[in-house]
Amino acid sequence: RCPAMYPAGPAWPKLRVLRALWALLAVLLAPWRLWAKEDIQECIWHVVLIKFEAVGEEGRSDRFFDLEPLESLDSVFSLLVDAPTDQNEKYLGFPYYLKINYSCGGESSEAQVRKGHLTGLKPLVLVTFQSPVNFHRWKIEQLQIQMEAAPFRSKERCNAEEVCTMSWYTPMPIKNGSVVMYVDVRSNGLGPFVQNKRFHVNINGFLQKQQDNTLQFTVGNEIFNLIPRYFINVPSRPLWHTVNQTPVLILGGIPDEKSVLLTDTSFTDFFLVELNIDSCWVGSFYCPQASFTATIYDAIATESTLFIRQNQLVYYFTGTYVTLHESNQGSGSWVRVLANECIKKLCPVHAHGNGSEYIMALTTGKREGYVHFGTITDGRVSFELLPRQRSVCEGNYLAILYTIPEFIPDARGLEFLMLLGTESHTTFLMVPKGMFYNQYSNLLYIWGNFLLQSYNYENFIYLADFPKEQSIKYLVNSFRGDMAIVTETEEIWYLLEGSYRMYKLFPSRGWEVHINLQVMHQSSVYTPNETMVTLFYEDTKLYQLVYLMKNQQGQLVKRHVPVEQLLMYQQLSNHYFFKRLRAVGASGRASRRKRYRSCELEGEEELARGHDGEGVPGRRSHMGKGPEEERRLGLKSTVDLGVVLADPGCIEAVVKQKFLINRNSVLFRVRLRGEGVPGWGRSDRRWAPFEPSPGPQAGLLTPSFLPPTPGYRLAFDITYTLQYNRLQNKHYFDCVRVDPEMPCFLFRDVFYPFFLIQDLVTGDSGSFQGYTVLHRTHSLIWTTKNTTTTKDSAFNIMSHQSLGIEWLCLENSPCYDAVPHTIFAPEFFFKVLVSNRGVDKSTYCDYQLIFLLHIHGLPLSAKRAFFILMVSSSVFIGLVTLYIIFCLLLPVMVKAWNSLRWKINNIIMSESYYTYTSRNCSGTSETRSTVSSRAGSSDSSKVAEANQRAPEQTWKKKPLVT
């Protein structure tokens with residue numbers, strides 16, 4: 001072991017002596033620790049799918065294809081006399097059940113199950129349903145069902161109940177839209193320790209029931225004899241399928257046979273099926289074929305359709321999946337497509353998109369340079385010829401992104417080389433054979449007798465660890481950051497995506513150590529004579545399908561490739577010195593910063609056990625919210641830290657390095673920030689000081705994902721908010737003028753807000769279960785009974801389980817003293833900002849939402865209420881006073897009116913009488929003037945005046961009676 005390094009300062013002899021004593025004690029106790037580990041037997045779960053009528057039977061297993069619920073449960077419910085069941089009701093049952101037991105070492109499973117049952121062991125089953133491809137038909141849901149298995153005794157006869165065979169059972173649920181299901185089994189913590197295990201229980205839509213109730217494959221006939229020539233010395237081939245969506249996998253490549261391996265349990269078990277195809281061979285001048293073979297070279301599985309290529313012919317078969325298509329749309333036989341085309345290769349598209357799956361068929365002959373792009377939607381297959389104008393061989397109209405060098409670059413001892421066009425080259429020709437694109441990491445690989453990788457399709461990095469003498473046959477990607485490489489000579493290499501170090505897994509020194517250990521443990525899945533059939537990833541773990549020959553007997557097995565252990569064995573042979581990288585929690589409320597400290601491991605045995613079963617440098621470290629995380633880190637004398645960006649145009653990285661001389665250590669601080677992407681946050685990473693140690697180089701890659709995912713947003717759930725508020729407040733009063741787009745909430749009611757997480761791309765939405773900050777603790781607008789606040793006690797922390805919000809609208813608040821514009825109570829619109837930044841520990845995503853909230857029935861302020869009261873009272877009193885005055889003065893006013901009217905009447909009548917009298921007097925004067933015309937004018941005038949006064953005196957003395 002390398003000598004330890006200590007901080008600069010005075011020597012501490014006693015401390016060094018104590019450390020030496022502790023090291024000696026650890027060496028002495030190591031055998032006891034190994035003995036304790038050997039004493040603990042390794043137990044594993046076993047799960048079998050059976051039909052309902054087979055519950056309690058031994059040695060029975062069934063296939064998952066008949067999805068009709070059972071109707072014959074009357075006999076079962078009739079026995080439940082004390083249960084709250086309706087005897088007149090018709091109950092339907094689950095058609096399939098999961099039979100669960102476990103085994104430990106060489107002891108019989110029956111005895112182990114009885115022992116576990118008597119000690120309180122109960123299996124806990126978690127069924128996870130995979131969302132369908134076509135989200136237009138089925139809503140995307142992340143559904144899980146957890147059940148506790150129930151013990152049930154076997155139907156076989158036994159002498160004593162204590163020794164009867166038993167197992168645990170749970171129903172196998174079915175969900176519309178899901179054909180891929182994961183079953184995770186774990187212990188309840190009592191009884192013996194059994195490791196958690198995952199099983200694939202998928203619906204097989206390529207089966208049909210015969211008249212004798214036996215099952216038969218619709219794609220062909222099952223072959224029960226695995227002939228050694230099918231596998232021995234046969235090259236391995238890739239397993240192609242749509243990632244995480246395929247219930248049935250198919251693998252071809254059996255020489256001179258139109259047969260495939262078919263499985264619906266990810267090769268936990270499998271079938272050899274001879275396909276029902278015509279096996280035609282059509283050769284022509286435009287489609288030359290050197291020879292004919294029955295071998296199925298290319299086989300691709302999608303969610304409900306299987307594709308194969310035999311010679312130049314392409315066939316597909318669609319399974320019967322009622323839960324997907326809502327009807328029996330399965331194919332009756334294999335359908336031949338692209339009949340007039342000469343197809344030289346089928347290529348998979350590993351990821352689905354836009355509700356469909358895709359496949360590519362490469363042409364040769366007269367159509368060389370064209371691609372038939374296939375689309376599979378709900379089992380319906382269609383192909384489109386691309387490019388639409390001219391072949392890619394006629395590249396005058398194509399934009400050249402990158403020109404592959406003619407010769408392999410000369411890396412001159414470097415582990416990788418950026419290809420800029422100025423580098424020197426070797427004499428080895430570059431022979432490209434294929435490309436691979438990971439849409440999740442935005443990485444493009446070009447491979448052959450070399451490996452190039454690029455993030456932007458223009459700038460490529462040459463990985464010099466891969467030997468130019470070898471040639472890559474196919475790549476296997478986990479789409480979680482790991483990639484395995486298989487060469488033409490069946491070598492297996494490992495690459496951590498985003499890094500430049502490549503590790504040879506097989507053959508290697510680490511593989512030899514692993515094989516020797518397996519032989520010591522008498523493992524049955526490793527033999528000297530074996531052939532790899534395929535290599536694939538399952539749940540981020542690498543697996544081999546291997547054909548073993550043992551005692552002249554052949555066996556096809558699936559076994560795990562322990563990448564971490566193989567790399568660890570290789571590194572230990574190089575005397576690596578490891579340290580552990582531990583997360584110590586967030587350093588700030590509103591940041592994504594993580595601090596790490598390193599601490600030495602207590603020897604190699606601790607490294608082998610590890611915190612999470614991963615004891616290898618170069619393993620990725622996902623930074624998630626939750627408890628303390630530990631990862632291993634290999635150090636060297638000169639510590640380097642680099643940042644690999646998926647898209648430099650969108651992400652900015654700043655790395656600061658600080659040397660701590662007094663501690664003989666170095667501190668790195670990395671800040672990642674999304675640039676030009678709305679809604680992206682900032683992620684800070686901080687590696688605390690650690691002591692560099694001498695030795696070879698190792699590395700630790702820690703991917704950092706800047707959340708939230710583009711297209712996700714926080715939204716106000718108005719529908720559920722209305723329902724919940726109506727339920728809690730026992731009523732709901734909307735505004736007088738109802739607005740369907742913006743419902744109102746009453747001021748005096750308690751307000752319970754709820755929010756959604758919406759995917760703007762798929763249209764999916766779900767309830768937001770995290771914590772948010774909605775208002776301050778001492779707000780004048782509202783208050784809450786929740787006592788949870790932020791560290792500075794400035795904001796209340798709300799969740800979907802909060803006690804609700806009570807409206808205040810106190811003085812000096814915006815909603816205080818709202819002025820009513822009508823006779824109804826005032827209304828107010830609140831602009832509310834909601835955020836989970838710094839308070840939500842369930843996600844690294846920072847969400848922020850601003851929405852309008854309409855509140856009606858706001859109370860008036862005291863001053864304004866008093867003013868309105870005074871004005872209203874004054875107006876009322878004035879009206880009453882006027883009414884009283886009017887009532888009192890009405891008789892006087894009527895009398896005065898009558899008198900006035902009488903006077904006016906008299907005046908009018910007097911005017912009429914005067915007019916009449918004056919007319920009579922005027923006639924008499926004229927007669928007298930005729931008789932004595934000679935009378936003087938003066939006398940006539942006097943007489944006229946005298947006559948005028950006479951009627952006036954008569955009027956005064958004698959009033960006119962009418």
Side-chain angles (χ1 to χ4, degrees), residues 45-51 61-68 94-100 125-134 138 140-145 147 170-185 197-209 215-219 222 239-251 260-273 299-307 317-325 328-330 348 350 352 357 376 378-379 534 536-541 543 545 558:
W45 293 107
H46 301 283
V47 172
V48 177
L49 183 74
I50 60 174
K51 287 191 173 182
S61 64
D62 295 291
R63 313 313 304 179
F64 201 4
F65 88 101
D66 190 4
L67 307 181
E68 293 298 326
F94 293 94
Y96 292 95
Y97 277 72
L98 296 175
K99 177 183 177 182
I100 306 170
V125 179
L126 180 67
V127 179
T128 303
F129 296 90
Q130 182 66 36
S131 299
V133 170
N134 190 357
W138 304 102
I140 297 179
E141 296 177 338
Q142 302 297 330
L143 178 62
Q144 292 181 319
I145 298 178
M147 300 172 287
T170 62
M172 182 61 202
I174 302 171
K175 176 183 174 295
N176 283 336
S178 294
V179 293
V180 175
M181 284 147 284
Y182 308 104
V183 176
D184 295 282
V185 183
K197 191 173 182 181
R198 166 169 283 195
F199 299 87
H200 290 251
V201 183
N202 302 329
I203 299 176
N204 194 331
F206 302 94
L207 292 170
Q208 63 181 2
K209 185 181 296 184
L215 296 182
Q216 182 181 358
F217 284 99
T218 56
V219 295
E222 183 178 358
L239 181 65
W240 287 337
H241 57 92
T242 306
V243 178
N244 298 329
Q245 300 293 150
T246 308
V248 175
L249 302 178
I250 184 174
L251 182 66
V260 296
L261 290 173
L262 189 144
T263 178
D264 53 18
T265 59
S266 189
F267 285 104
T268 301
D269 56 11
F270 52 87
F271 307 92
L272 182 62
V273 181
I300 302 175
T302 63
E303 188 179 42
S304 61
T305 307
L306 305 178
F307 289 87
F317 195 106
T318 301
T320 302
Y321 288 98
V322 180
T323 57
L324 278 180
H325 309 146
N328 296 328
Q329 295 184 2
H350 297 282
H352 61 90
E357 298 168 282
I376 306 100
D378 287 339
T534 188
F536 61 96
Y537 274 98
E538 176 189 314
D539 301 329
T540 71
K541 293 183 179 181
Y543 287 89
L545 189 64
K558 169 188 174 183

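Computed over heavy atoms, backbone and side chain alike; hydrogens, waters and symmetry mates excluded. For the single chain, residues carry numbers from 1 onward in sequence order.
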Rounded to the nearest 0.5 angstrom, the OG1-CG distance for Thr318 and Asp378 is 10.5 Å
Stepwise, does the side chain to side chain contact (heavy atoms under 4.5 Å, CB included) test hold for Trp138 with Asn176?
CA-CA 8 Å; Trp138 304 102; Asn176 283 336; 3.5 Å; yes
Rounded to the nearest 0.5 angstrom, the NZ-CE distance for Lys175 and Met181 is 10.0 Å
Run Phe64 and Asp264 through side chain to side chain contact (heavy atoms under 4.5 Å, CB included) and show every step you take.
CA-CA 9 Å; Phe64 201 4; Asp264 53 18; 5.8 Å; no
Side-chain touch Val185/Ile100, heavy atoms, less than 4.5 angstrom:
yes
Considering all heavy atoms of both residues, which atom of Pro95 and which atom of Ile174 are nearest to each other, and what is their separation?
CG-CD1, 3.9 Å
In Å, rounded to the nearest 0.5 Å, how long is the span from OG1 of Thr320 to CG of Asn204?
10.0 Å
Would a 4.5 Å heavy-atom cut-off, applied to side chains only, mark Met172 and Leu49 as touching?
yes
Residues Gln130 and Gln245: side-chain donor-acceptor under 3.5 angstrom:
yes
Compare all side-chain heavy atoms of Leu306 with those of Ile300 and state whether any distance is below 4.5 angstrom.
no
For Lys51, give me all partners under salt bridge (charged side-chain N to carboxylate O under 4.0 Å, His left out), at least two apart in sequence or on another chain.
none
When you check the side-chain N and O atoms of Gln208 and Thr218, is any donor under 3.5 Å from an acceptor?
no
Do the side chains of Asn134 and Leu324 get nearer than 4.5 Å, heavy atoms only?
no
Measure up the Phe270 and Phe267 rings against each other and bin them: parallel (under 30°), tilted (30 to 60°), perpendicular (over 60°).
tilted
Taking all non-hydrogen atoms of both residues into account, name the closest pair between Asp66 and Tyr96 and its distance.
O-CE1, 2.8 Å
Using a 4.5 Å cut-off on heavy atoms from C-beta on, say whether the side chain of Leu239 contacts that of Leu249.
yes
With sequence neighbours left out, what residues match Asp269 under side chain to side chain donor-acceptor pair (under 3.5 Å)?
Arg63, Thr265
Going by the rule salt bridge (charged side-chain N to carboxylate O under 4.0 Å, His left out), which residues pair with Lys541 if we only count those two or more places apart in sequence or in a different chain?
none
So Thr246 and Val180, side chain to side chain contact (heavy atoms under 4.5 Å, CB included) or not? Walk me through it.
CA-CA 7 Å; Thr246 308; Val180 175; 5.8 Å; no
For Glu538, side chain to side chain donor-acceptor pair (under 3.5 Å) partners two or more places apart:
His200, Ser266, Lys558
Go through it in stages, so that I can follow the logic: the residues are Val183 and Leu126, the test is side chain to side chain contact (heavy atoms under 4.5 Å, CB included), and I'd like the CA-CA distance, side-chain angles, deciding distance and then a yes or no.
CA-CA 6 Å; Val183 176; Leu126 180 67; over 6 Å; no
Can a donor-acceptor pair be found, under 3.5 Å and without considering hydrogens, that links the side chain of Tyr97 to the backbone of Thr170?
no
All side chain to side chain donor-acceptor pair (under 3.5 Å) counterparts of Glu303, not counting sequence neighbours:
none
Can you classify the ring geometry of Tyr321 versus Phe206 as parallel (below 30°), tilted (30 to 60°) or perpendicular (above 60°)?
perpendicular
State which residues pass side-chain contact (heavy atoms from CB on, under 4.5 Å) with Glu222; sequence neighbours excluded, sorted by chain then number.
Phe217, Phe224, Phe271
Audit row: Asp539, Arg198, salt bridge (Lys or Arg N to Asp or Glu O under 4.0 Å) steps and yes/no
CA-CA 9 Å; Asp539 301 329; Arg198 166 169 283 195; 3.5 Å; yes
Taking the side chain as everything from C-beta on, heavy atoms only, tell me whether Leu215 gets closer than 4.5 Å to Phe65.
yes
Donor-acceptor under 3.5 Å (Asp62 side chain, Ile50 main chain):
no
